[in-house]
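To start, the structure under review is shown below, and the notes come after it.
Chain naming here is simple, since letters A, B, ... match the order of the sequence lines and numbering starts at 1 in each.
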Amino acid sequence: MPELPEVETVVRGLREPLTGRTIQGAVFPKATGRMTNIDAALLAARIAGQTVQSVTRRAKYIVATLDHDTLLIHLKMTGRLYIVPADAQHDADRYLRVSFPLSDGNELRFSDARRFGRVYLYEQPDEVLSKLGPEPLEDAFTLKQFSGLLAGRKAILKSLLLDQTFVAGIGNIYADEALHIAHLHPLRSADTLSKADIKRLHSAIREALNDGIRYQGASIQWYRQVDGSKGESQNHLRVYHDPRSEKDKRCPTCNTPIVTIRVGQRGTHFCPTCQK
DNA sequence: CGGACAACCTGGCGGC
DNA sequence: TGCCGCCAGGTTGTCC
């Protein structure tokens, strides 16, 4: 599911109900497998009694800064976070992976059908976060910086945009959207971009992601906001779609049928007329 | 560095 | 109605 806009929407939804609350523990109803970076019982013991200082986002990670540690949550494909009264039944959610009881009588719950999601507790979260590329919506992400990052890169554009160490937070939907806004073909090599191409791509990345946030994320399958509601971004996408359920997707600019190919194992959607 | 591919997991849907 | 195969918003590791 979640790319930068979806994770940002979830973070905004978590900020008020979590900030200032004390986490009382962590309950894992099923085997945790690879979900945590440390033993689940240790995580539960260590997190108990720590108060949430802030909830922010870095790339696609939800970052909850606690008194002594930082809780990182990655939703991967199907993770969901929501808050319910602590007495709500656990078995009402067949995909529940962990719940965190809070000092105000509520619980933060993490649900994940596909079990790819991750819940990490780090004293030094930079172990994970420092490997990530720049945040594309921050002021520091300038055209100059972006040009510098592209210098010497020869990768296929679509694959490069998905590389979290290149620029953080872009996923399959918004990579396709940004390339359409920038009029660039997903198979273009990064080393063929003109100065004008780079400028368009830089602003297109921001536009695509900001649109996603404005519409509160894309609920194509599993993604939900903290309150359980769907986002609206899926109704405003230019090229990204599911070819099986939407067989006649057309370019919003020129009405040409959108073409779907595979690039680096990912479904990739583009307008053959507008994107060169 | 970059591309190809398998893995991790399960659910949902199209097609037959 | 079944059952099969394929696809899915992400990431990581291996091999060439």
Quick one: do the T268(A) and K158(A) side chains pair a donor with an acceptor below 3.5 Å?
-> yes
In whole angstroms, the gap separating C1' of dC7(C) from NE2 of H269(A) amounts to 11 Å
Secondary structure of DNA chain C per the Watson-Crick/G-U criterion (both distances under 3.5 Å; [ ] crossing, | other strand, . unpaired) is .|||||||.|||||||
Rounded to whole Å, the CG-P distance (L162(A) to dG10(C)) equals 7 Å
- Query: Is the F270(A)-H180(A) ring centre distance short of 6.0 angstrom?
  - Reply: no
Of S189(A) and R244(A), the one whose nearest nucleotide on DNA chain B sits closer to the 5' end is S189(A)
Picking from dG14(B), dG12(B), dG10(C), the nucleotide nearest the side-chain atoms of K247(A) would be dG14(B)
*Treating Ile, Leu, Val, Met, Phe, Trp and Tyr as nodes and any side-chain heavy-atom pair under 4.5 angstrom as an edge, say whether I62(A) and L66(A) lie in one connected cluster.*
yes
Indicate whether any N or O donor in one side chain lies under 3.5 Å from an N or O acceptor in the other, for Y174(A) and D211(A).
no
Can F116(A) be called stacked on dC8(B) when the rule is centres closer than 5.5 Å and an angle between planes below 30°?
-> yes
Output yes when at least one side-chain N/O atom of R115(A) is less than 4.0 Å from OP1 or OP2 of dC8(B), else no.
-> no
| message | Using a heavy-atom cut-off of 4.0 Å across all strands, would you classify G267(A) as base, sugar-phosphate, or nothing? | response | sugar-phosphate
Under 4.0 angstrom between K154(A) side-chain N/O and dG2(B) OP1 or OP2
no
Query raised in the report: Does Q265(A) make a side-chain donor-acceptor contact with the base of dA6(B), cut-off 3.5 Å?
Result: yes
From CE of M77(A) across to C1' of dT11(C) the rounded distance in Å is 10 Å
When rounded to the nearest Å, what value does the distance between P atoms of dT12(C) and dC1(B) take? 16 Å
### Task
Classify the nucleic acid contact of Y174(A) as base, sugar-phosphate or nothing, counting any heavy atom under 4.0 Å across all strands shown.
nothing
| query | Does Y120(A) have its ring centroid less than 6.0 Å away from the ring centroid of H74(A)? | reply | no
Looking at H74(A), does any N or O in its side chain come under 4.0 Å of the phosphate oxygens OP1/OP2 on dG10(C)?
no
Using the P atom as the reference point in each nucleotide, state the distance between dC6(C) and dA7(B) in Å, no decimals.
-> 15 Å
**Prompt:** Does R97(A) put a side-chain nitrogen or oxygen below 4.0 Å from OP1 or OP2 of dC9(B)?
**Reply:** no
For this session: Output yes when at least one side-chain N/O atom of K76(A) is less than 4.0 Å from OP1 or OP2 of dC8(B), else no.
Result: no
Just to be sure I understand the rule, does S219(A) reach a base, reach only the sugar-phosphate, or reach nothing, if contact means heavy atoms closer than 4.0 Å?
base
- Query: Think Y61(A) has a side-chain N or O under 4.0 angstrom from the OP1 or OP2 of dG10(C)?
  - Reply: no
Rounded to whole Å, the NZ-P distance (K131(A) to dT11(C)) equals 14 Å
message: Strictly below 4.0 Å: does Q164(A) bring a side-chain N or O up to OP1 or OP2 of dT11(C)?
response: yes
Against the side chain of A155(A), the closest entry in dG2(B), dC7(C), dG10(C) is dG2(B)
Mark yes or no for a side-chain to base donor-acceptor pair under 3.5 Å between R114(A) and dC9(B), with no hydrogen or angle criteria applied. yes
Using a distance-only test with no angle check, is there a side-chain donor-acceptor pair under 3.5 angstrom linking R188(A) and T192(A)? yes
To the nearest 0.5 Å, atom CD1 of I38(A) lies from atom CD of E123(A) at 10.5 Å
- Same cluster (ILVMFWY, side-chain, under 4.5 Å), L71(A) and L75(A): yes
The complete set of ring pair (Phe, Tyr, Trp, His ring centres under 6.0 Å) pairs with one or both residues in residues 95-118 of chain A, sequence neighbours excluded, reads Y95(A)-W222(A)
Give a yes/no on whether any side-chain N or O of R34(A) is located under 4.0 angstrom from OP1 or OP2 of dC9(B). yes
Whole-Å distance, L72(A) CG to dT11(C) P, equals 13 Å
Testing dG3(B), dA8(C), dC9(B) for proximity to the side chain of I156(A), the answer is dG3(B)
To the nearest angstrom, the CH2-P distance between W222(A) and dC9(B) comes to 16 Å
| request: Determine the interatomic distance between P on dA8(C) and the same-named atom on dC5(B); round to the nearest Å. | output: 15 Å
Judged by nearest nucleotide, the residue sitting upstream toward the 5' end of DNA chain B, R118(A) or R94(A), is R118(A)
In whole angstroms, the gap separating P of dG10(C) from CG of D176(A) amounts to 10 Å
